[in-house]
Structures are given as structure tokens and as C-alpha cells.
Amino acid sequence: MAISSSLPSTFSPSSFCFTRSEPARFVNFLSAGGFRSGLNRRPLSLLTVSSRLNSSKPSGTNGSISPDNGDLQYELQHGFPSQRGKGLPVFVTLPIDASNMMRNIRKWKLMIHSLKALAIAGVEGVVMEVWWGLVEKDSPMVYDWKGYLEIVSMARRCGLKVRAVMAFHQCGKKSGDSCWIPLPDWVHEEMDKDPNLAYTDRFGRRNQEYISLGCDNLPVLKGRSPIQAYSDFMRNFRDTFREFLGVIITGIQVGMGPAGELRYPSCSSQKLRIHDLGEFQCYDKYMLASLNACAQEIEMSEWGYGGPVGTGNLMHDPEQTEFFRSDGFWNTPYGRFFLEWYSEMLLLHGERLCSAADTIFRGTGIHISAKVAGIYWHDGAPSHPSELTAGYYNTLIRDGYLPIARMFGRYGVTLCCTNFEMQDAKDTRLKLISSLEGFFRQLLLAARKCDIHVEGENLGAILDDESLQRVLKMSKFYSDGLNKSSFSFNFMRMNQNLFEHRNWVRFTRFVRQMTNIGNFQAKLDIEGGDICLLSTSVAVEVGAAFAYY
């Protein structure tokens, strides 16, 4: 297969052969003298709130955000000694359009009321997705952080920490979706000029959720490489939010692919579907150039013209394909060469971003994390086809997650993974095909072996007791026997459903179990006392507000 000649002037196919050495009603619940109505049976000392907490506007002049030189007098104190930092902390992910909410005064009030409810419930902080397509939307290196500054200021006033996700991917499938955030407009202009900036499968289908890692270091974005663009974005974030770093903003998650995960967009849909085999994403000219260069280096040039044949269709049984079946080509010299190259390209992409983030945020007190996809289906097949097409060279005879954990460990990066609330199918036949529990055991053992922290995440806003207990089980599996707290959980996500009374009761009980608040239950009389009543009453108010807005 010929490589298009329309490459940048600095392009050289040999440069693509990598080396491993490259590195408001809620306010009425609070008053200056105590709780209103039935809540004033205890003195205010049980819940201390500074005078600024009830302010309806951000501090500073003309609506601007002021960090007050790190003066943190806003923190809610829940009446028990140093709860924060104990146990396994829980964070709650904000709505996808949280930044846009700040431009509407009614939603602005809803946001701060919601944050106050989370703080009272004992949540450690919130996860804030910072979208590249919103902040740097119109022009390169022109950033608009206004909405995110307001969110961070609100979180500080409510005594909450913030984890910021550097979201370098597209949100939604197409324009018109309820949550549609594409890549920046100027990036799409470059993609229109050079469609090979998008991942491409063997059928020529382009995926524009994330820029192809094949051109990571090429100046394809108006003179900058994608890695330079991501680094400039993170550097400007650091400089803009410097006064909050390490104090309010305690974590940065670096987006590394579709859905923010370190993987290829191997499925035709924007969302991974169970049972999909996936398609190898190696047919843009940049990926092909790398493959061709590596094949030539081992004097097997015929291996460098494209991905494997005989991979079947998305919904095929792996045993019906020539490549993925038990005795298929995946376990031949050619298969091992291709899969090694494909997965190493992904690892190298992750390493570039880890190195950039480590350099940019070093000394700020920020913990860096990155997400790995939970692709557990078809792991009953020796070849694990769905993992292979996503870039995880994990098979019956090879551990594909240990190299990722080692790479994260070199930079002190926390491993984040979703699906923590799910469990294996009860049908024995389905267990033979896929095992989510087996996947997690392998992933978490790799993390423990490399001594890296883990962030769990749920796939959907499921609030039944069985799912929440499943999260507790997995957190216990990872953290048992460790001397330090090395697990935390990000709940997806804050919405009206969370604040529905029955769900809120389950959620607050889950938070207490995770953070060991139950140890102080006798002292606080949580089950029948003021904090429980206040928390539930606030949740009812916020839930009603979500429905209204």
C-alpha cells in the first residue's frame, strides 16, 4: 500500500519507528445563628460555615475570581476530626456542560447548591472535565477559562477539592446531540485539509474523536504538533489556576484518547459496545508510515502495508476469524510483530503525555492520573480480540496491562478505570466468554505490583445497593494490606437522579462506608441527627431545582 506523498516537509518515515528510550433555596437552611425550623436542635458548632459561604457572588471585583492568596476560611467542618484524607475518598463528576452552566445565573445557583449538598454528605471533592473544544475553541493558544474558574471558586467556598480532567477528545457522536463538544474549530479546519489526522480503519472510515497518535510529534496543527498543543493547554491551565494548585485542585487527569482513555477508537460507534471485536486503527498515512518503517527495520517490508487480514466483522465469533481464533495468526511471528508495534505506539503516546504532564505540574502538589478502558469482553478467547484492537496486547499468554502500569509508575501517575460497579454475568455460559472480575483482578494486581494508586469509576449513574457494594468490594480488594490510602472513587455523575431521596440515602451511606465516617457515627448521631436531616433536606431541594431548571 502506497503512502501518500502529501506529508509535511519535516516528515521522514524512519522517524516513525519508535525506541523505548523516548520518554436559592438551599441558603435558607443555614443562618448565622443556627439551623432553621426543625434543624436547630443542635448548636451551630456541629456545622461551621464561614460568612463567605453564603455569598451569592464570586469573590473579587466585577465578578472575577480571586484566590484570596490561599485564604481557605470557607471550608465546611463536619464536626468530626480530620475526616478529609482519611479512608477512601469519594469524588463526584460534574455535569458535562458544567462550564456552560456558569453563564446562566439560575444554573449558577443550582451548581453552588449542589456542591454544598455534596460537601455536607462528606464527599471529598468534584471531578471537572475541562474541554479542549471549549477552552481553545476558536484560535490556537487563545484560551477561555472563565467558567472553570468559577467552578473552582465555588468548590473552594464549599470546602471541596477538585480533580480536573484535561479532555482532549470529542464528546458526543454528532452535532445536535444533547452533549456535543467537538474538537476545537481550528483543529477541524486542519482535519478537513488533511483527513489523515483522524484515526482510520481498513474500510477507510475516519474517526475524529481524537487526533491520531501517528502524528504526535509532527507540526500538523498550524505549526504545532498535537503533543505541543496538549502541553501548551496544560501549561496555560497551570499558570491560570496556579493559586489553586495543590490546595483546591489536587488532581489532574490527562486525556489520552477517545473518552479520555489510553486506547484506540477500535469500535465503529463512539461508545464501546460489548461483544464488538473492534477494528485496528492503523490506516491513516502517519500510522502506516510508522508500521512500514518498523517492518523495513527488521527486513520484513511486506508486513508494513496495513493491518492484519482475516479479522472478521465487529460482531463475529472470534473462533470464526482467521486472525483471532485460538490457533490464529495472532500467535505467529507476523501477528506478534504487528501487535507489538500497535501496542507500543499506544504506550509511547501515553509516555509522551505522562512526561509532559509530569514536567508541567512538577512541584505544584498535583497528583496526575490517566484512564485505561475496561474492555473485558471476549477475554475467554485466548487472543482477547477486543483488547487487541483497542491497543492492549493482552492475551492468554501475555499480560498487556503490566507494561502500562510500569509506564505510569515511572511518572507516579495514578491509574483510573471505569466499570467498578459492574459484576460478572450470572449465566455460567457468559462467564466463559467474558469476566469483568477477572479483568479487574489482573489490572489491580498490575497496579499493586508497580506500586501505583488507583481511581475507580462507575460506568453509569446506577445507585442501587448491589452496585455500590460492588465498588466497596473492589476498593477493598485493592487497598487491603497497604499501609497508605491508595484508592479513591469518582462517582459518575452529578444529576437530578443523584438527589432523588432514595438514591441520595444510598449514596450518602456509600460515602460514609468509603470514607470511614461510620467510625464517628456514635459521636454525631448521624442516623437520627441534624446532619442526616440537613443532608436529605438539601438533596430534596436540589433535586427539585434540577427538574425546574
Side-chain angles (χ1 to χ4, degrees), residues 91 93 127 129 163 165-169 209-210 213 251-267 271-272 274 276 278 281 339 342-355 357-358 367-379 384-395 398-422 434-459 471 474-475 477-478 486-490 492:
F91 286 71
T93 304
V127 180
E129 292 157 316
R163 286 176 173 168
V165 178
M166 304 289 101
F168 297 122
H169 60 283
E209 324 179 46
Y210 190 83
L213 61 81
I252 297 291
Q253 185 180 116
V254 184
M256 295 186 172
E261 297 167 336
L262 181 63
R263 65 172 173 87
Y264 294 100
S266 52
C267 296
K271 191 171 184 179
L272 290 172
I274 292 180
D276 279 2
Q281 303 293 309
L339 294 171
Y342 191 66
S343 62
E344 288 287 340
M345 286 288 284
L346 187 68
L347 274 172
L348 185 55
H349 175 68
E351 182 139 15
R352 287 166 177 158
L353 283 167
C354 286
S355 177
D358 178 60
H367 297 286
I368 300 169
S369 67
K371 187 184 291 189
V372 173
I375 302 176
Y376 60 91
W377 48 97
H378 291 307
D379 64 0
H384 294 217
S386 301
E387 291 165 275
L388 296 185
T389 56
Y392 305 141
Y393 191 0
N394 187 58
T395 68
R398 189 181 191 277
D399 188 337
Y401 298 103
L402 192 55
I404 296 174
R406 284 173 178 156
M407 183 264 289
F408 285 174
R410 285 196 292 273
Y411 298 94
V413 171
T414 296
L415 186 153
C416 178
C417 189
T418 190
N419 291 330
F420 264 74
E421 85 283 17
M422 298 176 66
S434 63
S435 172
L436 180 60
E437 294 182 15
F439 161 77
F440 273 126
R441 280 194 294 270
Q442 181 183 1
L443 185 67
L444 297 181
L445 286 173
R448 286 190 63 144
K449 184 173 183 179
C450 298
D451 195 26
I452 59 176
H453 291 197
V454 170
E455 289 177 13
E457 205 173 83
N458 54 312
L459 182 63
V471 174
M474 294 308 300
S475 66
F477 174 82
Y478 181 72
S486 55
F487 183 92
S488 60
F489 185 72
N490 301 331
M492 295 280 287

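To the nearest 0.5 angstrom, S475 atom OG is 13.5 Å from E455 atom CD. Here the CD-CG distance, from E421 to L459, works out to 5.5 Å after rounding to the nearest 0.5 Å. Once rounded to the nearest 0.5 Å, the distance linking CD of Q253 with CD of E261 reads 9.0 Å. Between the CD atom of Q442 and the CD atom of E437 there is a distance of 14.5 Å, given to the nearest 0.5 Å. Separating the OG1 atom in T414 from the CZ atom in F487 is a distance of 11.5 Å, to the nearest 0.5 Å. Here the CD1-OG distance, from I452 to S486, works out to 10.0 Å after rounding to the nearest 0.5 Å.
Ring planes of Y376 and F439: tilted class, angle from 30 to 60°. By the 30° and 60° cut-offs, the orientation of the rings of Y392 relative to Y401 is tilted.
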How far apart are the C-alpha atoms of L402 and K449, what are their side-chain angles, what is the distance that settles it, and do they pass the side-chain contact (heavy atoms from CB on, under 4.5 Å) test? CA-CA 8 Å; L402 192 55; K449 184 173 183 179; 3.9 Å; yes
Please report the C-alpha distance between T93 and R163 in whole Å, then the side-chain angles of each, then the deciding distance to 0.1 Å, and finally whether the side chain to side chain donor-acceptor pair (under 3.5 Å) criterion is met. CA-CA 9 Å; T93 304; R163 286 176 173 168; over 6 Å; no
Verdict with reasoning, F440 to Y478, per ring-ring contact (aromatic ring centres under 6.0 Å, His included): CA-CA 10 Å; F440 273 126; Y478 181 72; over 10 Å; no
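Side-chain contact check for L346 versus L262: some heavy-atom pair is nearer than 4.5 Å. Residues L444 and M474 meet the side-chain proximity criterion, which asks for heavy atoms closer than 4.5 Å. Using a 4.5 Å cut-off on side-chain heavy atoms (C-beta onward), F489 and N458 make contact. Considering only heavy atoms from C-beta on, L443 comes within 4.5 Å of L415 through its side chain. A heavy-atom distance below 4.5 Å is found between the side chains of C354 and M256.
With Y342 contributing its side chain and T389 its backbone, the two residues share a donor-acceptor pair below 3.5 Å.
Evaluation of the side chain to side chain donor-acceptor pair (under 3.5 Å) rule for H384 yields E387, N394 as partners, not counting sequence neighbours. The side-chain contact (heavy atoms from CB on, under 4.5 Å) search around E457 returns K371, C416, T418, N490, M492, not counting sequence neighbours.
Nearest approach of P265 to P258, heavy atoms of both residues: CB-CG, 3.6 Å. Across every non-hydrogen atom of T395 and L388, the tightest pair is CG2-CD2, 3.9 Å. In terms of heavy atoms, S386 sits closest to I375 at CB-CG2, 3.6 Å. When all heavy atoms of G391 and S343 are compared, the closest pair comes out as O-CB, 3.3 Å. Annotation for N419 and G374: closest pair ND2-O, 3.1 Å, computed over non-hydrogen atoms. Nearest heavy-atom pair across R448 and F477 is NH1-O, 3.7 Å.
Between the side chains of Y411 and E351, at least one donor N or O sits under 3.5 Å from an acceptor N or O. Side-chain atoms of S355 and R410 include no donor-acceptor pair closer than 3.5 Å.
The cationic group of R398 lies under 6.0 Å from the six-membered ring centre of Y393 and within 45° of the ring axis, placing it in a cation-pi geometry.
For an aromatic pair to be called close, the ring centres must be under 6.0 Å apart, and Y210 with H349 satisfies this.
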